[in-house]
Structure formats: C-alpha cells, structure tokens
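Presented below is the structure to which this report refers.
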Amino acid sequence: MELKNELNDATKYARAQEAEKRSVKLRKSTAIQQELVEQLSPKGGVRQKVLEYHIRPLQDYCNEKMQDVLPKYDMVLDTSDGFRVLFADKESGGMINYKSLSKGEQLRAAYVLMSMFNALNQFCILMLDNLDGLDDASCQMLFGLIERDLEDYDHVFLASANESLERAAKASAVSGETKIITF
C-alpha cells in the first residue's frame, strides 16, 4: 500500500514537472508572438523606424530651406501617429502644428514643402494659394524666395483672392512666366 502511494506521488510530481515545462514554453512563445505583434503594428515599432529612416533625408532637405525661410523653426516630419508636419520652435523647444503658424509662416512652410516635393519628383511646378493674407514684407520675402529658386520651376502659379493690382504687379516682376490667379 505504501509503495502504491509513493508511486502515485511520484506520478503526480512527474505530471506537475511536465506541466511546468509546457507552461514555460507557452509563456516564452506568447512573449515572442506579442513582441512581433508590437513591432509590426502600424504605430511604432519596426514600421515606424523604417518610415523615419526613409523620411529623414526629406526632413533634412526641408530644414536646410527652413534656415532661409523660417529660421525660428525646424520642420519635423512626425510618423508617430500617421504622418504630420510639425514645427519645433528653436527658442522654446516646443512643437507646434501648421495651423498655429501665422499666415505668412504657413505660406513659407508650404513653399518649403512644395520645394521638397518638386526636388523629389522633378515636377517643376510651384503652386501656392491664399496669398491675400500676407502683409507686404512677407509677400516680398516669399517672392524673393521664389525668384531665387526660379530655375527649379518651369511654371509658378500664385493664387490669391481679392488681390490688389500693386501686389499682382510685384508678383509678376518675379518672372514673365509667373501666373497670378485672382478670383
């Protein structure tokens, strides 16, 4: 009887050891699978790292232009939650979005992005809209930037609502091929 009880206890112990080994294997397998799911998720992980790696040259190009156009900010192409364009204030270190910029800063930022897209695909067309919100100093700065980079474009389209003749004349002085669209 005593040997039978000892055999039962030994069998229970062996089953418990086997169950423990299976449990450890399953926990390791689950941890590996969970890590793979996290790394391959659309937000964060490997996908974000790959996207950040490929976007870095585009961001660097934009920030070279930003030194002349908006020296107060660095452009940040953020991929943490989809794709967003943010601006890092060099003085405060804070991040702001495009809509928080002034009208003149928004147009200059749009110019930088259009320049980057043009360099990327060699489309050679610059289109900017809503120039009517610019003051004369911002308008002159923008036209100076366009004039400086004019050889990069075959056509430049500047659109504005309720634009004065004086502003249209200033814009047309950039180039004979510049089109001013008013509506």
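For reference, positions follow the sequence shown, starting with 1. Since the structure is predicted, the reported quantities are computational estimates derived from the model, not experimental observations.
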Any donor-acceptor pair under 3.5 Å from [X] side chain to [Y] backbone:
| X | Y | answer |
| --- | --- | --- |
| Lys90 | Pro71 | yes |
| Gln106 | Tyr98 | yes |
| Tyr111 | Leu142 | no |
| Gln33 | Thr30 | no |

Nearest heavy atoms of [X] and [Y], plus distance in Å:
| X | Y | answer |
| --- | --- | --- |
| Met75 | Asn63 | N-OD1, 2.5 Å |
| Ile146 | Leu126 | CG1-CD2, 3.9 Å |
| Asp68 | Arg148 | OD2-NH1, 3.6 Å |
| Asn118 | Ile125 | OD1-N, 3.9 Å |
| Met114 | Leu128 | CG-CD2, 4.3 Å |

Do [X] and [Y] have side chains that get closer than 4.5 Å, going by heavy atoms?
| X | Y | answer |
| --- | --- | --- |
| Leu150 | Val156 | yes |
| Asp89 | Lys72 | yes |
| Arg56 | Gln59 | yes |

Separation of [Y] [atom2] from [X] [atom1] (nearest 0.5 Å):
| X | Y | atom1 | atom2 | result |
| --- | --- | --- | --- | --- |
| Gln122 | Asp154 | CD | CG | 10.0 Å |
| Arg108 | Ser102 | CZ | OG | 6.0 Å |
| Asn97 | Ser100 | CG | OG | 4.0 Å |
| Leu145 | Phe143 | CG | CZ | 11.0 Å |
| Tyr73 | Met95 | OH | CE | 12.0 Å |

Would you find more than 12 non-hydrogen atoms of other residues, nucleotides or ligands less than 6.0 Å from [X] atom [atom1]?
| X | atom1 | value |
| --- | --- | --- |
| Glu6 | CD | no |
| Phe83 | CZ | yes |
| Glu20 | CD | no |

Please enumerate all residues that pass side-chain contact (heavy atoms from CB on, under 4.5 Å) together with Leu58, with sequence neighbours excluded.
Leu77, Met116, Leu120
Which residue is it: Asp149, Leu113, Leu70? I am looking for the one with a side-chain contact (heavy atoms from CB on, under 4.5 Å) to Lys65.
Asp149
Is it the case that the side chains of Arg27 and Ser23 hold a donor-acceptor pair, with the cut-off being a distance below 3.5 Å and no angle test?
yes
Assess, by modelled atom type and distance only, whether the side chains of Asn8 and Thr11 contain a donor and an acceptor separated by less than 3.5 Å.
no
Do [X] and [Y] belong together in a cluster built from hydrophobic side chains that touch within less than 4.5 Å?
| X | Y | answer |
| --- | --- | --- |
| Leu86 | Val112 | no |
| Phe117 | Phe87 | yes |
| Tyr153 | Tyr61 | yes |
| Val76 | Leu101 | no |

